[in-house]
Every structure is written in structure tokens, then in C-alpha cells.
S.K.: 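There's a structure below that I have some questions on.
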Amino acid sequence: MTTSGNVRRGERRPAASAAVARVSVDVPLPYHLDFPFDYRIPAECDADARPGVRVRVRFRGKLTDGFLLERVEHTEVADKIKYIERVVSPEVVLTPEIHGLARAVADRYVGSLANVLRLAIPPRHARAESRAADDLVPPPSRPAAQGWQRYTRGPAYLDALGNGRSANAVWQALPGEDWPARLAEVAATVASTGKGVVIVVPDYRDVNRVFAACSALIDGVVALSADLGPGERYKRWLSVLRGTVRVVVGTKAAAFAPVADPGLFVVWDDGDSGHAEQLAPYPHVRDVLVQRAHMAGASLLVAAFARTAEAQLLVDTGWAPEIVAAREQLRAAAPRVVAIGETDTQLARDEAARTARLPAIAFDAAREALKAGRPVLVQVPRRGYVPALACANCRVRAQCRKCAGPLALPGGSDDGAPRPAECRWCGAVEVMFRCTACGSRRLRAVVVGSKRTAEELGRAFPGFVVRTSGAGDVLAEVPAAPALVVATPGAEPYAVGGYGAALLLDGWAILGRADLRATEEALRLWMTAAGMVVPAAQGGRVVVTAESGLPTVQALVRWDPVWHANLELSGRTELGFPPAVRMATIDGVPDAVAAVLDELRLPATGEILGPVPLGEDKERALVRTSRAEGRALADAVAAAVRVRTARKDPDPVRVRMDPLELL
DNA sequence: TACCTCATCTTC
DNA sequence: AAGATGAGGTAG
């Protein structure tokens with residue numbers, strides 16, 4: 001007698017009540033199938049089949065993993081329903097909070113729940129799970145937090161958090177600030193009330209620094225970063241889930257860490273591109289935490305040396321008050337910053353310094369710092385920026401006069417014939433370029449500096465150690481000793497006791513990037529480096545090689561990230577770019593993009609830009625609405641894409657909401 | 001009439 | 001996305 005597996009298992013019977021499980025299956029489904037599937041819960045699984053557990057189910061014939069989202073009495077699909085194969089483990093890994101958050105993130109970014117859950121919940125590691133839970137550590141006592149007195153609303157902010165009140169904030173750290181210590185004080189303050197804290201930083205070096213700072217004040221801190229092995233990662237994540245730790249420090253996936261009773265979420269340096277998830281649907285840590293804090297009734301702290309336009313918007317809309325230092329505190333803390341553009345560059349008289357293209361002021365600043373026994377940071381731009389055009393005179397990025405997009409020379413056939421510049425966003429041809437800043441009509445290609453900087457500096461400063469940090473080989477820390485430290489942006493080592501000087505070389509190249517965020521990014525990179533330099537009173541000097549008249553350079557010289565963020569935001573408001581508006585990009589072959597646009601039912605403020613060619617016979621359309629209609633935009637794009645995947649149109653389109661780069 | 005290919009349909 | 005189903009065509 002032949003029997004099917006189901007029958008041989010002995011006539012499975014459904015659980016007595018709520019025998020229908022709604023399951024999110026973990027398979028890359030086409031977008032129109034992003035909804036839960038119903039499965040019958042067998043009686044023997046009744047106890048374990050709780051919402052949030054992992055289950056094993058048969059989906060289109062194959063065994064797959066899934067999350068049990070909820071249990072209900074009835075199903076609409078009684079004729080097709082199958083039994084759950086088994087409950088993988090009774091561990092409730094998807095908490096109601098994270099489920100709600102993941103759903104919201106999926107909706108916001110036009111992605112599927114399964115894709116977001118894959119970012120939020122690490123893969124299971126059975127051995128880590130079987131270990132017994134540690135005891136819950138007692139909350140720490142409230143720390144002194146003297147460091148916050150330098151900021152106008154600092155003490156009041158700490159008080160609010162310490163009294164368990166919800167208090168969002170956007171914090172600009174003073175130059176030289178020991179920001180990991182300040183974040184640790186904030187975390188300890190919230191933890192002392194018994195609530196949980198999640199701190200998200202851009203990379204593992206920052207995780208280590210903040211973890212160390214937090215561990216000095218708090219028992220029960222855990223570091224979560226992608227470089228951990230699967231077993232260790234799951235083990236630490238479980239300690240968060242089981243509520244045995246109160247404070248989580250980690251990189252972007254930690255934004256979803258299921259900390260118990262969260263009171264505060266922190267994102268450090270929200271302008272760092274490391275906070276943008278590289279996997280679909282590409283959520284950004286800042287957005288995830290804004291959403292999460294809102295849903296959880298917890299506070300959000302957006303902190304950095306510089307300030308993004310997005311953070312400025314949080315301030316402007318009243319979502320978060322700002323925490324900045326009074327002017328006299330800034331004067332006491334800031335290094336002396338000088339900008340030298342090409343027109344006023346006086347190269348050092350020293351022969352070797354001349355070879356290294358070092359201006360006299362930079363050479364002197366470095367020499368003084370070395371003499372004082374301190375390391376000198378030399379920031380050089382990374383290779384491989386998108387080729388773009390800038391004004392030949394003042395190096396300001398060449399803008400399209402219609403949409404302010406970046407101008408570039410059309411690539412492709414190299415027949416030598418000079419061709420006019422084109423806008424990379426709207427495709428408009430520019431034959432009569434005129435610089436928006438200085439009025440010059442000449443254009444030049446933006447190129448990046450050479451890798452020889454390190455050798456050349458070695459020759460300019462004989463007898464001093466030259467260290468490099470960047471690309472594959474990132475240095476975490478340098479000692480408090482004279483040395484030249486050549487680093488690419490984002491790879492600057494932490495200097496014990498601070499740098500004596502920072503030389504920000506080829507600053508104009510960073511400014512000239514063909515990017516909506518070029519100026520914001522330039523200031524962020526400069527301030528991150530300059531923020532590691534000792535105060536002017538201790539001889540701290542910063543030299544940036546860029547035109548001193550440019551607003552971004554001014555913002556660095558005056559150390560005024562708030563002014564710059566306001567400028568940046570009003571610029572984007574004027575042009576109609578994020579974060580002033582909500583925007584979606586739709587990529588694909590021309591027919592596919594056209595079909596989606598055709599299907600698109602936009603809300604009232606909706607507007608379509610392009611499509612513009614994207615290379616490889618692909619096109620990109622930009623779609624925008626007011627921020628208020630952001631959700632409607634996401635829904636409209638989702639509906640249009642769903643129609644397409646449902647009728648199995650051959651050419652796929654890729655959608656991104658508010659991408660970091662529009663090109 | 002058996003068998004193969006390609007399009008369409010379904011996924012609990 | 002990918003296996004299951006079925007329409008219609010083709011060889012024998």
C-alpha cells in the first residue's frame with residue numbers, strides 16, 4: 001500500500017484552536033506575491049507554533065523557511081492549504097515590534113517583507129540557541145555626563161532621558177569631541193531607567209570604539225557587526241532578543257536589533273554612505289530609526305560632526321530639537337582652519353614639499369605639529385570618482401541650467417570630435433556653459449590626485465614615519481607620536497590625544513563630485529578629519545586646499561555645519577530634490593520603464609522627470625511628490641510594479657526610493 | 001496516436 | 001522565480 005508522507009505521519013490533525021498560521025515564506029518572490037501564505041498547524045506543533053517562530057513549510061512543492069506571523073481561526077484558501085512541516089525552534093525571533101517595523105520599511109521602500117526580514121534577522125545557528133540565557137544584568141547607575149555641559153541644551157537633554165521622557169535630538173559634536181564617550185553617557189543614562197538602547201555607527205572601527213566607551217559605564221553591552229562569524233553573531237543577537245543586554249552597538253543591521261523595551265535609538269554620522277543598506281530594498285539607517293522610534297514611542301538621536309540636509313529637516317519640522325555648542329565653546333575647541341585655493345596657493349619654498357604639491361601654509365602646519373610631538377593627518381581623495389565637469393576657473397561643479405544636475409561629456413564613441421556637455425539627470429545639452437559661481441565659460445574635467453602622496457610626503461619630511469590608511473588596509477588607531485598619516489576619507493585612524501594638524505588635500509576634487517550631495521559630503525569628510533585635531537590653543541591647525549570663497553569651505557573655516565545644512569536644504573527645496581521631496585528612481589529597458597510610467601497613478605503633487613539614458617540601453621526615470629505624499633508615491637509605484645510582475649512582463653525594472661545618488 | 005515544445009498559470 | 005499544466009504542433 002503506497003501512502004503519501006502526510007498520511008504516513010499518521011493522519012495529522014489540526015490544532016484545537018487558531019489552527020491557521022499566516023506565514024511569510026523566505027523565498028525571493030515576485031513582488032505581487034508579497035503577502036502571507038496560510039498553513040494548517042498540526043496538533044503536535046500547537047504549543048510551539050507561536051507568532052514569531054521560524055517554521056519549515058512546503059511552498060510550491062519545496063521545503064522552505066518562513067516566519068509564523070500570526071495564528072487565526074479561518075482561511076480563505078481551505079482547498080489549497082497544507083500543513084506546516086515543523087516548527088524549527090520555539091525561539092520567538094520575530095517580535096511584534098520588529099515585524100511592524102519591517103512591514104513599514106518594506107512599504108516605504110517598495111520592497112517585500114521577506115527581503116527586509118532577511119536584513120533584520122540573522123541566520124539561525126542551532127548551537128548558539130541551545131545555550132541557556134544569561135542572567136539579566138542590573139541597570140547601571142546614572143552617569144555624571146559632564147561632557148554634555150559644553151552644549152547649550154545638553155544637560156536638559158540628559159535630564160529628560162534620565163527621567164524617562166521621550167526626547168529626540170539632532171546633535172552636532174564639537175571638533176575634538178570624544179563622541180564615543182558622549183554617546184556612552186547618553187546610553188547609560190537611558191539604561192539607568194531600565195530601558196534599552198541601540199547605537200548604530202557606520203563601520204566596525206566605530207563599533208569597537210563605542211563599545212569600549214559603553215562598556216566602561218554599563219554592564220550588558222553587546223557589539224553587533226557584520227564581520228562576526230555566523231555562530232557568534234547569532235549568539236549575541238539572541239542575547240539582545242532574550243533581554244539579557246540593554247545596550248546594543250552595531251552597524252546598519254543593528255537598526256533592527258530586537259532590544260527589549262527600547263528607550264533610545266542613536267545614529268552616528270548619518271551622512272556616511274555605510275548607513276545605506278546595499279541589499280534590496282536599500283533602506284537607510286536614519287529612516288529606519290526615525291520610523292522605529294516613532295512606532296516604539298522611543299527617542300532618536302541623530303549625531304555627527306557635520307549635519308545632513310535630512311537631519312536639518314528633522315530640526316525644521318520640529319521633529320527633533322538641535323543640540324549645539326555655544327559660540328565660545330566652539331572657539332575654545334576648534335582648530336585653526338585655513339583654506340587655500342589655487343589662485344592664492346603659495347607653494348612651499350622647500351624643494352621636496354614643492355614636489356608633493358604642498359602649499360607653504362600646509363607644510364608649516366605639518367612641521368609645527370610634528371615638532372610638538374603630534375601626528376599629522378593628510379586626507380587625500382579616493383580614486384575613481386565619476387568623471388564630471390567643473391568650472392575651469394573656480395572648480396565649482398558645472399550645473400545644468402534646467403535642473404541643476406551634473407554636466408558631463410557624453411561617453412561612448414571616441415571619434416575625437418568635440419561634443420557639448422550634457423546633463424546626466426535630464427539629458428539637456430549645454431552648448432553655452434556659464435559657471436553659476438564665477439561666470440566663467442571654461443570647463444575642465446575633474447580628476448583625482450595621485451597615490452604617490454605618501455612617498456612624496458616622506459621625502460618632504462625626512463626622518464618621520466609615514467603611515468597610510470585606506471582601501472583594503474585601514475588603520476584603526478595611531479599613537480600620540482609624530483608621524484604623517486595619509487588616509488582616504490572615512491579611513492582616518494583615531495589618534496590618541498588628537499592630531500596636531502590635518503591637511504585636506506585636493507579638496508576641490510571632493511567638492512567636484514558629480515553628485516547631488518557633493519558639497520554636503522565634502523563638508524562631512526572634512527569635518528570628520530578636522531574633528532580629530534586638537535584645539536587652536538594647543539596649536540591645532542587644519543589646511544584645506546579649496547577656494548576659500550565657496551560656501552562649503554566657509555562652513556569648514558567657521559565650523560558652522562548648521563548654516564551649511566540650512567543652505568543645502570534650501571538648495572534642494574528650490575530644485576525639488578530629496579529630502580525636500582520624496583523621490584523614486586525607476587530603472588530598466590526603455591519599454592519597461594515606459595510601461596511602468598504608463599501604469600503609474602500618481603498623487604496630486606506627482607511629477608515625472610526623464611527618462612534619461614543610463615547606458616547598456618537602460619533608462620532611468622525619476623518620479624517625485626511632496627513629502628506629505630511620500631507614502632502615496634511608494635504605494636503608486638508599488639501598484640504599477642505589481643501589475644507588471646503579475647502579468648509577467650519579461651524585462652524587469654528596478655525601483656529605489658530616495659536613493660543616495662540619483663545617478 | 002504518442003510525444004514534444006512552448007506558453008501560461010500557480011504558488012497557502 | 002520556477003515547477004506544473006495544458007494547448008497545439010509534429011513525427012510516425
Side-chain angles (χ1 to χ4, degrees), chain A residues 2 4-9 11-46 48-88 93-94 99 102-103 106-107 109-119 121 123 278-282 586-589 591-593 595-596 599 618 637-656:
Chain A
T2 58
S4 79
N6 266 356
V7 177
R8 192 170 59 242
R9 268 172 191 257
E11 291 300 323
R12 294 208 272 186
R13 281 201 314 280
S17 69
V20 174
R22 317 215 71 207
V23 174
S24 169
V25 287
D26 186 19
V27 282
L29 284 167
Y31 188 59
H32 69 285
L33 285 180
D34 181 31
F35 52 78
F37 289 85
D38 291 353
Y39 288 86
R40 195 84 69 193
I41 298 168
E44 66 268 25
C45 292
D46 193 23
D48 286 345
R50 296 195 291 150
V53 299
R54 284 180 211 272
V55 290
R56 198 95 172 129
V57 295
R58 208 167 274 283
F59 184 73
R60 52 163 199 239
K62 286 189 165 168
L63 277 176
T64 52
D65 288 315
F67 295 100
L68 197 163
L69 301 180
E70 58 174 332
R71 287 180 64 158
V72 292
E73 288 296 339
H74 301 290
T75 177
E76 306 274 282
V77 289
D79 46 335
K80 304 181 221 171
I81 198 165
K82 291 188 171 79
Y83 273 99
I84 281 176
E85 290 297 317
R86 64 194 175 90
V87 172
V88 174
V93 289
L94 178 59
H99 177 204
R103 183 68 262 169
D107 291 342
Y109 282 95
V110 192
S112 65
L113 179 69
N115 276 353
V116 179
L117 291 180
R118 212 168 300 154
L119 303 172
I121 299 178
Q278 293 301 294
L279 297 167
Y282 319 105
I586 301 165
D587 298 356
V589 297
D591 283 354
V593 174
V596 172
E599 202 67 51
K618 292 266 179 71
V637 174
V641 172
R642 218 176 280 127
V643 166
R644 235 188 116 63
T645 62
R647 66 166 182 240
K648 288 204 68 173
D649 282 309
D651 306 304
V653 292
R654 192 170 78 148
V655 171
R656 289 182 82 149

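Below, chains carry the letters A, B, ... as their sequence lines are ordered, and counting in each starts from 1.
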S.K.: How many Å lie between NZ on A/K82 and P on C/dG3, as a whole number?
M.R.: 15 Å

S.K.: Does a side-chain heavy-atom distance below 4.5 Å link A/V93 with A/F67?
M.R.: yes

S.K.: Atom OH of A/Y39 and atom P of B/dT11: how far apart are they, to the nearest Å?
M.R.: 10 Å

S.K.: How long is the line joining CZ of A/F59 and C1' of C/dG3, in whole Å?
M.R.: 12 Å

S.K.: Distance check needed: B/dC12 P versus A/F37 CZ, whole Å only.
M.R.: 7 Å

S.K.: Mark yes when over 12 heavy atoms from residues, nucleotides or ligands other than A/R71 sit less than 6.0 Å from its CZ; otherwise mark no.
M.R.: yes

S.K.: Atom CD of A/E70 to atom C1' of B/dC12: distance rounded to whole Å?
M.R.: 14 Å

S.K.: When rounded to the nearest 0.5 angstrom, what is the spacing between CD1 in A/I84 and CZ in A/R40?
M.R.: 11.0 Å

S.K.: Less than 4.5 Å apart, any side-chain heavy atom of A/N115 and any of A/Y31?
M.R.: no

S.K.: Check whether the side chain of A/R60 and the base of C/dA4 form a donor-acceptor pair under 3.5 Å.
M.R.: no

S.K.: Which is true for A/R58 with a 4.0 Å heavy-atom rule: it touches a base, it touches only sugar-phosphate, or it touches nothing?
M.R.: sugar-phosphate

S.K.: Quick one: A/H32 NE2 to C/dA1 P, roughly how many Å, whole number?
M.R.: 10 Å

S.K.: Specify the separation, in whole Å, of atom CG of A/D34 and atom P of B/dT10.
M.R.: 20 Å

S.K.: From NZ of A/K80 over to C1' of B/dT10, roughly how many Å is that when rounded to an integer?
M.R.: 7 Å

S.K.: Quick one: label A/L33 by what it contacts on the DNA or RNA (base, sugar-phosphate, nothing), any heavy atom closer than 4.0 Å.
M.R.: base

